[in-house]
Amino acid sequence: MTPRIAELLKSGQPDQLVTLRGWVRTKREQKTFSFLEVNDGSCLAGMQAVVSADLPDYETLIKRISTGASVTVEGKLVPSQGKGQRVEVQATGLILHGEADPETYPLQKKRHSFEYLREIGHLRSRTNTLSAVFRVRNACATAIHQFFQEQGFLWMHTPIITASDCEGAGEMFAVTQMDLNNPPKVDGKIDYSKDFFGKPAYLTVSGQMEAEVMAMAFSNVYTFGPTFRAENSNTSRHLAEFWMVEPEMAFCDLQGDMDLAESFLKYVFRYVMDHCSEDMAFFQERIDKSVIATAENIINNEFARVTYTEAIALLEKADRKFEYPVSWGLDLQSEHERYLAEVLFQKPVIVTHYPTEIKAFYMRLDEGGKTVSAMDILAPNIGEIIGGSQREERLDVLLDRIKASGLDPEAYWWYTDLRRYGTVPHAGFGLGFERLVQFMTGMTNIRDVIPFPRSPLNVEF
RNA sequence: UCCUCAGUAGCUCAGCGGUAGAGCGGUCGACUGUUAAUCGACUGGUCGCAAGUUCGAAUCUUGCCUGGGGAGCCA
């Protein structure tokens, strides 16, 4: 494979013979030659190619080349006479693969709004910002795997189709083979025994329970896969299909859970800063003047840690009016979380030990029973980026909690079996992958950090 | 789903009762080792959809659709 543009820009040597394959960002015609800026997605910058009019078919070829056209340029690397680039390619051969009619090609050589780019989801990755986002997204994913693999975690693939409503909450997408116009019925109700799985099935809302199963065999595991929520959420930080990272550790308590989450985030930020410095500089310059400082803040400082009870006390004595009431027992609202992370601490805050009533049944009941060993990591500008807990490993307590939540213990028979056979204290957390990428890049809308966003009424691309 | 703002040229927007504008883009030309090149000319529209008010509606009213921001739900 010939070196890609990122490699050539970094370490290409004069007189080196090279082949560029990519898409033309801009063409500048001169009297006896033309400049082509070719981008192949390997980095933000393109490679400037100088195409002489001496080339065969120059006239007809150059006329048909415009922004968006796909080309192969063969030639020799030479020091650039102009400013702005160290080297450029003196073309000896030029192939036009596909034209891009400038009258209709939706991408112009100018700034486009993200709203507009969402309408051309099949082309937007060819823009500077979106390509930088997706390179950073790739680096985040790589860093996540590398972090866990280095720590001895096994990557486990949890099912996408599931019969269990993991948390007893959250709208799920149904998976069915039944004819929706004429479903089989018994006594007027839909007869799921006739459906593909013989019972109702859904797209997963979390791989946590399966991760717990695997942690009880491999000690430390993580999942990294797609997750689906059928909630009618129309916000800049919700998707109907998003990716989630869920580590689960046997023989681990809440303290270990928090420590892992913090070193995990630090590792991922460090990795992206090291491997995507050019893209990060771009975000700093064009998207959010604080992304580099934020990254360094994450990497170099300890996260703040407070209990829910302490957080409530801090909010109560805040010299600011909140729209929603602050009172022990009530869940923290967005405005409260933002105040804690953005105003008070100005860095990620881990809030722990939430009231039992407002958290899921599987979270470990604390001494006294008023709180559970839960933790949320609240990030500036994003809100909740990680939610985790120590899991309830005591069978009797877990069964009580399931019943108290109005759920049927029978439906959780294999989950509770984990507490019958060789139970151990364990803990884990869930990280919203897109929120991490948002946090990293400063992109304000989550639909712009996933290549093909799914949200209510949005499934075109 | 709720609150709020907005939909006018390919894009970003101005116009807010008298019948359509700018910048950018695109096309053509000039000029030039250029860098979102520059300069000149040209090109461009069911004013989101439907009904209503009015002599007359892009402009006022109502409904609907779509998008942004905020909220809820959460990751």
Side-chain angles (χ1 to χ4, degrees), chain A residues 25-37 45-52 63 66-68 78-85 88 90 100-120 127-128 166-167 169-171 204-208 223 226-246 261 286 322-324 331-338 358-360 376-379 382-388 429-439 444-450 455-458 460:
Chain A
R25 281 294 176 79
T26 170
K27 172 185 73 171
R28 291 180 289 271
E29 276 191 81
Q30 309 292 306
K31 190 157 229 148
T32 57
F33 59 95
S34 293
F35 292 107
L36 296 183
E37 191 188 318
M47 176 67 85
Q48 174 161 287
V50 183
V51 183
S52 164
K63 197 170 293 177
S66 57
T67 301
V78 297
S80 180
Q81 296 173 37
K83 295 193 182 91
Q85 58 280 317
E88 64 192 18
Q90 189 68 50
D101 182 358
E103 299 270 14
T104 58
Y105 186 58
L107 288 172
Q108 305 173 353
K109 281 189 286 186
K110 55 176 274 191
R111 225 188 154 281
H112 289 296
S113 67
F114 293 123
E115 292 83 1
Y116 172 67
L117 292 176
R118 270 172 232 146
E119 294 170 9
I120 48 169
T127 63
N128 284 342
C166 169
E167 306 178 18
E171 296 291 314
T204 183
V205 293
S206 166
Q208 182 197 315
T223 75
T227 307
F228 309 87
R229 302 276 167 93
E231 241 107 50
N232 191 14
S233 297
N234 291 286
T235 81
S236 56
R237 56 189 191 286
H238 287 87
L239 290 166
E241 176 182 298
F242 63 98
W243 286 63
M244 191 149 64
V245 178
E246 294 172 294
R286 304 291 282 274
F322 294 111
E323 196 183 331
Y324 289 86
D331 208 354
L332 299 179
Q333 300 292 318
S334 283
E335 56 174 345
H336 307 142
E337 298 182 345
R338 296 181 80 109
I358 60 173
K359 287 293 184 182
D376 283 354
I377 302 188
L378 312 177
I382 305 296
E384 189 180 337
I385 191 171
I386 280 178
F429 64 80
L431 165 99
F433 183 59
E434 283 75 18
R435 288 190 183 172
L436 174 69
V437 180
Q438 266 191 284
F439 191 26
T444 52
N445 196 308
I446 200 167
R447 297 167 195 196
D448 299 326
V449 299
I450 185 168
S455 56
L457 301 175
N458 177 15
E460 180 71 17

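No hydrogens, no waters, no symmetry mates; every other heavy atom, side chains included, goes into these values. Below, chains carry the letters A, B, ... as their sequence lines are ordered, and counting in each starts from 1.
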(message) Please enumerate all residues that pass salt bridge (charged side-chain N to carboxylate O under 4.0 Å, His left out) together with Glu88(A), with sequence neighbours excluded.
(response)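 Listed in chain order: nothing, the list is empty.
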Counting the atoms with a prime plus P, OP1 and OP2 as sugar-phosphate, which does [X] contact under 4.0 Å by heavy atoms, base, sugar-phosphate, or nothing?
{"X": "Ser34(A)", "value": "nothing"}
{"X": "Arg25(A)", "value": "nothing"}
{"X": "Ile385(A)", "value": "sugar-phosphate"}
{"X": "Glu384(A)", "value": "sugar-phosphate"}
{"X": "Ser236(A)", "value": "sugar-phosphate"}
{"X": "Tyr116(A)", "value": "sugar-phosphate"}
{"X": "Ser113(A)", "value": "sugar-phosphate"}
{"X": "Glu88(A)", "value": "base"}

Under 4.0 Å between a side-chain N or O of [X] and OP1 or OP2 of [N]?
{"X": "Arg28(A)", "N": "A37(B)", "value": "yes"}
{"X": "Arg118(A)", "N": "G68(B)", "value": "yes"}
{"X": "Lys31(A)", "N": "U32(B)", "value": "yes"}
{"X": "Ser233(A)", "N": "U1(B)", "value": "no"}
{"X": "Arg237(A)", "N": "G70(B)", "value": "no"}
{"X": "Thr227(A)", "N": "A75(B)", "value": "no"}
{"X": "Lys109(A)", "N": "U35(B)", "value": "no"}
{"X": "Asn445(A)", "N": "G69(B)", "value": "yes"}
{"X": "Gln333(A)", "N": "G72(B)", "value": "yes"}

Check: [Y] main-chain N/O paired with [X] side-chain donor or acceptor under 3.5 Å:
{"X": "Arg435(A)", "Y": "Glu384(A)", "answer": "yes"}
{"X": "Ser455(A)", "Y": "His238(A)", "answer": "no"}
{"X": "Arg229(A)", "Y": "Val205(A)", "answer": "yes"}
{"X": "Glu231(A)", "Y": "Glu171(A)", "answer": "yes"}
{"X": "Gln438(A)", "Y": "Thr444(A)", "answer": "yes"}
{"X": "Gln85(A)", "Y": "Ser80(A)", "answer": "no"}

So which nucleotide from [options] ends up closest to the side chain of [X]?
{"X": "Lys110(A)", "options": "U66(B), A75(B), G25(B)", "answer": "G25(B)"}
{"X": "Gln108(A)", "options": "U66(B), G25(B), G72(B)", "answer": "G25(B)"}
{"X": "Gln48(A)", "options": "G67(B), G33(B), A75(B)", "answer": "G33(B)"}
{"X": "Lys83(A)", "options": "C73(B), G67(B), U35(B)", "answer": "U35(B)"}
{"X": "Arg435(A)", "options": "A75(B), U35(B), G72(B)", "answer": "A75(B)"}
{"X": "Gln30(A)", "options": "A71(B), C24(B), U32(B)", "answer": "U32(B)"}
{"X": "Asn234(A)", "options": "A75(B), A71(B), G25(B)", "answer": "A71(B)"}

(request) Nearest whole angstrom, please: distance from the P of G7(B) to the CD of Glu119(A). (result)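 Glu119(A) atom CD is separated from G7(B) atom P by 15 Å.
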(request) For Asn128(A) and U35(B), give me the distance from atom CG to atom P, rounded to whole Å. (result)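 My rounded result for the distance is 17 Å.
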If you measure from the [atom1] atom in [N] to the same atom in [M], how many Å do you get, rounded?
{"N": "C74(B)", "M": "G68(B)", "atom1": "P", "value": "23 Å"}
{"N": "C47(B)", "M": "A9(B)", "atom1": "P", "value": "9 Å"}
{"N": "U34(B)", "M": "G21(B)", "atom1": "P", "value": "39 Å"}
{"N": "A41(B)", "M": "G52(B)", "atom1": "P", "value": "45 Å"}

(message) Assuming nearest nucleotide by heavy-atom distance, tell me which of Asn458(A) and Leu239(A) is located more 5' along RNA chain B.
(response)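 The 5'-side residue here is Asn458(A).
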In the strands shown, is [N] matched to any nucleotide by a Watson-Crick or G-U wobble pair with both distances under 3.5 Å, and which?
{"N": "A22(B)", "answer": "U12(B)"}
{"N": "G67(B)", "answer": "C5(B)"}
{"N": "G52(B)", "answer": "C60(B)"}
{"N": "A41(B)", "answer": "U27(B)"}
{"N": "A75(B)", "answer": "none"}

Could one point to a donor on the side chain of [X] or the base of [N] with an acceptor on the other under 3.5 Å away?
{"X": "Glu103(A)", "N": "U27(B)", "value": "no"}
{"X": "Glu29(A)", "N": "U34(B)", "value": "no"}
{"X": "Gln85(A)", "N": "G33(B)", "value": "no"}
{"X": "His112(A)", "N": "C11(B)", "value": "no"}
{"X": "Gln81(A)", "N": "G33(B)", "value": "yes"}

(request) State, yes or no, whether a side-chain contact exists between Phe114(A) and Asn445(A) at a heavy-atom distance under 4.5 Å. (result)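 The answer is no, as the side chains (C-beta and beyond) never meet within the 4.5 Å cut-off.
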(message) Centre-to-centre under 6.0 Å for His336(A) and Tyr324(A), is that the case here?
(response)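 Not close enough - the centres of the two rings lie 6.0 Å or further apart.
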(message) Using a 5.5 Å cut-off between ring centres and planes within 30 degrees, is Phe33(A) stacked on the base of G33(B)?
(response)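 According to the criterion (under 5.5 Å, under 30°), no, Phe33(A) does not stack.
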(request) For the residue pair His112(A) and Tyr116(A), categorise the inter-ring angle as parallel (less than 30°), tilted (30 to 60°) or perpendicular (more than 60°). (result)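 Answer is tilted, since the angle falls between 30° and 60°.
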Might you list the N or O atoms of the protein lying below 3.5 Å from N or O atoms in nucleotides 43-47 of chain B, with each pair's distance?
none

